[in-house]
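Values below: every heavy atom of this structure, side chains too, minus hydrogens, waters and symmetry copies. Each chain gets a letter, A, B and so on, in the order the sequences are listed, and its residues count up from 1.
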2 protein chains.
Amino acid sequence: MNNITIKDIAKKFKCSPSTVSRALNDHSNINADTKETIQEYAQKMGYQKNSISLSLLNKSTKTIGVLVPSINHSHETLMIQGIQSVFNSLGYMLIFCVTNEKHNLEQDHIKRLLSNRVDAILVSISQETASLRDFSHFDMVNKRKIPLVFIDRDIVENYGSSVVIDDYAGAYLATKHLIENGCRRIAHLAGPQGLLVSKLRLEGYLDCLKNNGIAPKDDWIKHIEFDIEGAIEPTKNWFEAKNTATPDAIFGVNDYVCYGAINVLTSLGIKIPEEVSVVGFDNCPISPYFSPKLTTIDRKSYEIGRLAAEQTLEMLSSDTYFSEKSILNPILIERESTRQVY
Amino acid sequence: MNNITIKDIAKKFKCSPSTVSRALNDHSNINADTKETIQEYAQKMGYQKNSISLSLLNKSTKTIGVLVPSINHSHETLMIQGIQSVFNSLGYMLIFCVTNEKHNLEQDHIKRLLSNRVDAILVSISQETASLRDFSHFDMVNKRKIPLVFIDRDIVENYGSSVVIDDYAGAYLATKHLIENGCRRIAHLAGPQGLLVSKLRLEGYLDCLKNNGIAPKDDWIKHIEFDIEGAIEPTKNWFEAKNTATPDAIFGVNDYVCYGAINVLTSLGIKIPEEVSVVGFDNCPISPYFSPKLTTIDRKSYEIGRLAAEQTLEMLSSDTYFSEKSILNPILIERESTRQVY
DNA sequence: AAAACGATTTCAAACGTTTGCATTAATAAT
DNA sequence: ATTATTAATGCAAACGTTTGAAATCGTTTT
């Protein structure tokens, strides 16, 4: 590359690199004329300080690693935007890694982030990691004492800070809303097994049923992936079964699975919410425009990202290592996919 | 930080850093025993090579900068995934920057990426940059001779390679599809003014109308933002006007604006596609699950990202600077939002 | 015994920047 | 004239790693 360096400038003006460095950084004890000449020349030649050498010197890269399992869902992109909103204004750069829910990719990425000496790491753990429960790569992060913040998907052990939504409360809220509006046969499209998120939402759902004197039905709880496709089969099975009672409501682990369920219901000619109510979780930007407009739990994705970033900043500026757990309160967003009885 | 370095290991074994370096890199002329001892110890101590120092030495960071205007749309996240799919397997790290369609943010990010000595930059230019036509920041990139690839949104001047969908052809295709199925009063929800993408799609639409003997109607062409909300007002105006003819079809600049238009049509009790047909552009993952399932133009987002990444790799490996322009052919995906006459 | 060889290992420079300390030169105070 | 003071600049080390060339040392060949 033909990158002009401080040394080049020093040679040009027959002075030392130190002088150039100080001139460019507007140091006080540099002759005003010298300063101006050097600054002008640097500007003219398009000098750009080499952050790499600075990183090496300062042992700080002003770079943050962000690990997410996927970027298919608006929940994730909103979170990322929340993170960006905090870091960008402070001159940090964000390195993104997508793990595709794979454990080994997650490990690889962590290693590379460490090798690249990022100042901190935010991570939403992959499904595989959650179910394998192998957190050795996070040990490496801890050993280096660099701030580690878990976002969105918690892990049970104490490996760092975390910022999550109260999944249990959200699920409870959703289920309660259905019950209050007269639903009694509530099915649940649950998330992938092994993920704490799935477990907590399932528990919230189950506890709410129990507290309202409703016995859960195993057949009406299906663990599926976090996508539209996964919802198709289970929903079909529930509603095409002719010789048995069908659900009068579905609580989906996220909005996407509800989109799938709603597609099935619509194609079966089942009316939402008159015959079946549907509640999701996430509050995707599209949900208010879906047909029917989806009632859902606001997951505060952007807020989670923002908070996680701020948590990270706190950890970065503190000289003693500490970790903190933030749990956000979800709120119910009522729309048209659930009936309302007054 | 308590990062263990090669020097530490050298001290431990009373040998020189060079020996340690070679041992860790499995260099041939290092005593087998020495090698093993050192490797074992490094492993045990969790030694991680410092990529920063390597970057400084090699003048290559194995890092790619990716600049996008937003990450709200699946089109963008799919593109990003396409880019990731290529670079991740080759050990590159991706630094993401979101410009929020702002010119000054785009400039800032470019400067920082250059300062961080990324090996290449992929960029989807912001709306502001496109309309201001100030490309000085790309001059800086060119001056450094680092590969620059424009994705998705082209710029007219020759600043680097580019990978885009054939927007004109796609729009022509969409409009033709509507005309072939009997629509004659075709409205267009156009993209933001100033963007080449918007202009090309508008032209494809206009040319197709002209070639089929249909006179375009100014009132039926509205420039709006790339989101759901922007579509609401214009659509309302078109269909609530009582004393004049209403469109029998809408061609939306992307799927999102169609979601908005469809919402308005549905709430007005207008049947899709019986009364009004709707075609979008992008083929978002949700479109096949929308109600009605949206007919659209496949923008090949993932493919664009993948191709752009490969283009970049070629530029990186070539010792002479060159640029290349790839234009992908869009295809029509027929679903339920357009009527079909046979 | 001297020379040549091969196997290992070390030296030193390089990448670009910052920074405490030393140096120089010019001016002011004694 | 000498010393103290100030302003401006230079020196050298440091960050962690790699790498060509040089050095060391034991062994083999002549």
Side-chain angles (χ1 to χ4, degrees), chain A residues 1-39 41-42 45-63 91 112 114-119 144 146, chain B residues 1-39 41-42 45-63 91 112 114-119 144 146:
Chain A
M1 302 295 139
N2 43 351
N3 278 323
I4 180 169
T5 73
I6 273 192
K7 286 185 186 175
D8 298 330
I9 302 181
K11 216 167 282 174
K12 159 86 183 172
F13 291 108
K14 295 189 174 56
C15 67
S16 74
S18 349
T19 305
V20 179
S21 170
R22 284 191 252 252
L24 292 175
N25 290 322
D26 215 20
H27 205 275
S28 63
N29 45 10
I30 289 287
N31 182 289
D33 290 345
T34 320
K35 213 183 269 185
E36 200 183 343
T37 326
I38 289 179
Q39 282 176 356
Y41 181 75
M45 299 300 286
Y47 168 81
Q48 284 275 0
K49 98 163 55 183
N50 185 326
S51 298
I52 302 297
S53 73
L54 258 184
S55 296
L56 186 58
L57 194 60
N58 300 334
K59 290 162 170 294
S60 157
T61 52
K62 277 275 194 178
T63 294
R112 285 206 258 157
L114 288 176
S115 179
N116 275 70
R117 300 295 192 265
V118 291
D119 289 352
R144 291 219 170 35
I146 83 170
Chain B
M1 301 294 140
N2 42 352
N3 279 323
I4 180 170
T5 73
I6 272 192
K7 286 184 184 174
D8 298 331
I9 302 181
K11 215 168 282 173
K12 159 85 182 175
F13 290 107
K14 293 186 176 56
C15 66
S16 75
S18 348
T19 305
V20 178
S21 170
R22 285 194 247 256
L24 292 175
N25 290 323
D26 216 19
H27 204 275
S28 63
N29 46 10
I30 289 288
N31 181 288
D33 290 345
T34 320
K35 213 183 269 185
E36 200 183 342
T37 326
I38 290 179
Q39 282 176 356
Y41 181 76
M45 299 300 286
Y47 169 80
Q48 283 275 0
K49 97 164 55 184
N50 185 326
S51 297
I52 301 296
S53 74
L54 259 184
S55 296
L56 186 59
L57 195 60
N58 300 333
K59 290 163 171 292
S60 157
T61 52
K62 277 277 195 177
T63 293
R112 284 206 259 158
L114 288 176
S115 179
N116 274 73
R117 299 296 191 264
V118 291
D119 289 352
R144 290 220 171 36
I146 83 170

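Atom NZ of K35(B) and atom C1' of dA7(C) are 12 Å apart (whole Å). What separates CD of E36(A) from C1' of dA8(D) is a distance of 17 Å, to the nearest Å. In this structure, I52(B) places its CD1 atom 16 Å from C1' of dT18(D), rounding to the nearest Å.
Under a 3.5 Å cut-off, the side chain of D8(A) and the backbone N or O of I4(A) do not form any donor-acceptor pair. Formation of a donor-acceptor pair under 3.5 Å by the T37(B) side chain with backbone atoms of D33(B) is found in this model. One N or O on the side chain of R112(B) and one on the backbone of G91(A) form a donor-acceptor pair closer than 3.5 Å.
For the OP1/OP2 pair of dT9(D) and a distance below 4.0 Å, the side-chain nitrogens and oxygens of T34(A) include at least one atom meeting the criterion.
Summarising the geometry of L56(B) relative to I52(A), their closest heavy-atom pair is N-CG2, 3.7 Å, with the distance given to 0.1 Å.
The aromatic ring centres of Y41(B) and Y47(B) sit 6.0 Å or more apart.
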Report summary line: B/S/- along nucleotides 16-27 of chain C (protein heavy atoms under 4.0 Å) is BBBBB-------
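The residue N31(B) sits close only to the backbone: its heavy atoms come under 4.0 Å of sugar-phosphate atoms, none of a base.
The distance from atom CD1 of I38(A) to atom NZ of K12(A), rounded to the nearest 0.5 Å, is 11.5 Å.
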